[in-house]
Amino acid sequence: MLFLILTTLLFIWTFYDLYWKRRNFPPGPTPLPLFGNLLEVYYNCPGYEAFRKWNKQYGSIYTYWISTLPVVSISDYETLKETMIKDGEKYAGRWFFADFVKDFKGGEYGIVNSEGDLWRDQRRLTLHTLRDFGMGKNIMEERVMVEVDFLLERMAAQKDISVQNEMDIAVGSVINGILFGYRFDESSEDFVESYLKEWERRKGTRQEEYFFERQLEALVFDVWSAGMETTSNTLTWAIVYILNHPEVQQKIHEELDRVIQSDRKITMADKNSLTYVNAVVSEVQRLANLLPQNLFRQTTEEVTLNGYKIPAGTIIVPQISCVLYDEKVFPEPYKFKPERFLNKDGSLKVFPELVPFSVGKRQCPGEGLARVELYLFVANIFQKFRLSAKKLPSIEKSMSVVVIAKPFTCQAEERHQ
Ligand code: HEM
């Protein structure tokens, strides 16, 4: 009797797990009870190969399971364009563990974990404020250049430079400067001050409802944390890859010597003339591929994908890591080849598939600032120094919030005495 009950239960469980719960989702890898497909991601740490394999096996749209949660993944650029870009509103929700966010942030505030009108309003404000900082007097460039100077000084003073540490200090200080400002003279209006001014302007109107202290705290936390790890680790990966490819460092130096012809600092005004440096930064972002699994979104209304009706509230992820390693667009995707971003005539080649900042309505609002930082730090480090390492840094990735490099040090020799 007991045997019959157990067999029946096992049958029901298997039927439910392998067929019933999956029947309305695009096909994907078979989930294990409790784990879903997590083990396969874990055994392929940091995960790229699991997602790429499923992409090849099931096509661009497939479902995998994080424990008991279905995640619909979109993994090639064309499909991302048809869905997240052309039909953006339907994919603009954010999925998160509500209890965790409540404990951590006091509610669904900020940008990363907020939704609906509050998210829309506060995201727009953030974009406008950051954009204004990048225009006119260009507070953004000024802030970054202050930290470029400090970084170069610290590097020159050290025998063995702990790269990750230095990048954390530099990038953290840029965001700190932008959010809170260091000086209080007229030219350093910071993000928080802009927010408070806008709050004042909206006093007494219906739109004041999006302005309260908890929201400001969460917003500042989001901009700080989202902008810190991503940018500082990309810069660390830049040093890892360039140290492993001395010919790339040599070409950067050649370009800087040919175009700049002095030891002066590199500024944004030089950007269009430094094609090779730009190609290197693009290739670093592509190969570093910081988020093997991108942040989860959720559908805001029903969508139809490959004939499957996906209800509102389903987790959906623009799997940008598969696009950045798509061998049809970027042959030999695990190789560091800045030349892939150059046309035959030496001009910069633009790929819409280069999507490290993601796509659609949730695309990274810090992209402008990040681009300024990556370019100015990389160009100025190599303008001033020739870097070497007693032991070449490993290109192997470990998983943290984003993929991180193993700790390493390097040495810096000044190029212009
Ligand atoms: C190399 C640097 C960076 C990379 C690669 C990067 C990448 C990303 C990615 C992939 C997302 C997720 C988008 C999605 O849901 O599909 C994101 C979101 C976000 N990023 Fe960045 N980011 C970088 C720098 C920054 C900086 C400097 C800031 C702030 C100044 C920032 C602020 C944010 C915020 C607030 C979000 C959430 C947007 C939303 O949910 O509406 N990021 N970023």
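Every number for a ligand or one of its atoms is a count from 1 in the order of the listing. Reckoned from all heavy atoms, side chains included, excluding hydrogens, waters and symmetry mates. The first residue in the sequence is number 1, and the count goes up from there.
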Task: Minimal non-hydrogen separation, Ile175 against Gly227, with atom names - done: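 So the two residues come closest at CD1-C, 3.3 Å.
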Open item on the list: Please state which option from Leu291, Val402, Leu80, Leu374 has its nearest heavy atom closest to atom 10 (C) of ligand 1.
Closed with: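 Going through Leu291, Val402, Leu80, Leu374 one by one, Leu291 has the nearest heavy atom to atom 10 (C) of ligand 1.
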Open item on the list: Do Tyr48 and Lys397 have side chains that approach each other closer than 4.5 Å (heavy atoms only, starting at C-beta)?
Closed with: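 They are in contact (side-chain heavy atoms under 4.5 Å apart), so the answer is yes.
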Open item on the list: Measuring only between side-chain heavy atoms, which start at C-beta, is Leu38 closer than 4.5 Å to Tyr64?
Closed with: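 Answer no - side chains too far apart.
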Short N or O distance, [X] and ligand 1, threshold 3.5 Å exclusive:
X	answer
Arg297	yes
Asn294	yes
Trp119	yes
Arg362	yes

State whether [Y] and [X] meet the cation-pi test: NZ (Lys) or CZ (Arg) under 6.0 Å from the six-membered ring centroid, and within 45° of the perpendicular axis.
X	Y	result
Lys105	Phe221	no
Lys197	Trp199	no
Arg124	Trp119	no
Arg52	Tyr325	no

Under 4.0 Å, heavy-atom basis, I'd like to know which part of [X] is in contact with ligand 1: side chain, backbone, both or neither.
X	result
Leu369	side chain
Thr234	side chain
Ile175	neither

Open item on the list: With ring-ring contact (aromatic ring centres under 6.0 Å, His included) as the criterion, how do Phe96 and Phe296 come out once you've worked through the C-alpha distance, each side chain's angles and the decisive distance to 0.1 Å?
Closed with: CA-CA 7 Å; Phe96 44 83; Phe296 288 160; over 10 Å; no
- [ ] Using distance alone, with no hydrogens and no angle criterion, decide if Gln319 and Tyr62 have a side-chain donor and acceptor under 3.5 Å apart.
- [x]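 On atom types as modelled, these side chains do not qualify, holding no pair under 3.5 Å.
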How close does the nearest protein non-hydrogen atom get to [atom], and which residue and atom is it?
atom	answer
atom 15 (O) of ligand 1	Arg94 NH1, 2.8 Å
atom 37 (C) of ligand 1	Val112 CG2, 3.7 Å
atom 30 (C) of ligand 1	Val223 CG1, 3.6 Å
atom 41 (O) of ligand 1	Arg123 NH1, 2.8 Å
atom 5 (C) of ligand 1	Pro356 O, 3.6 Å

Open item on the list: How long is the straight-line distance from OG of Ser60 back to CD of Glu82, given to the nearest 0.5 Å?
Closed with: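 Taking CD in Glu82 and OG in Ser60, the distance rounds to 11.0 Å.
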Task: Nearby protein N/O/S atoms (those under 2.8 Å) for atom 21 (Fe) of ligand 1, with water ignored - done: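 Less than 2.8 Å away from atom 21 (Fe) of ligand 1 sit Cys364 SG.
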Atoms of ligand 1 close to [X] [distance to a heavy atom under 4.0 angstrom, numbered from 1]:
X	result
Ile111	35 (C), 39 (C), 40 (O), 41 (O)
Pro318	16 (O)
Ile320	10 (C)
Gln285	1 (C)

Task: Working for side-chain hydrogen bond (donor to acceptor under 3.5 Å, both in side chains), residues Asp168 and Ser232 - done: CA-CA 5 Å; Asp168 285 350; Ser232 101; 2.6 Å; yes
Task: Pair Phe180 and Phe191, ring centroids less than 6.0 Å apart - done: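 Centroid separation for Phe180 and Phe191: 6.0 Å or greater.
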Open item on the list: Before you tell me yes or no, could you show the steps for Phe211 and Tyr195 under ring-ring contact (aromatic ring centres under 6.0 Å, His included), namely the whole-Å CA-CA distance, both residues' side-chain angles and the distance that decides it to 0.1 Å?
Closed with: CA-CA 9 Å; Phe211 288 71; Tyr195 185 95; 4.8 Å; yes
Task: Sequence neighbours excluded, every pair satisfying side-chain hydrogen bond (donor to acceptor under 3.5 Å, both in side chains) that has a member inside residues 29-41 - done: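 Applying side-chain hydrogen bond (donor to acceptor under 3.5 Å, both in side chains) to every pair that reaches into residues 29-41, excluding sequence neighbours, yields Glu40-Lys53.
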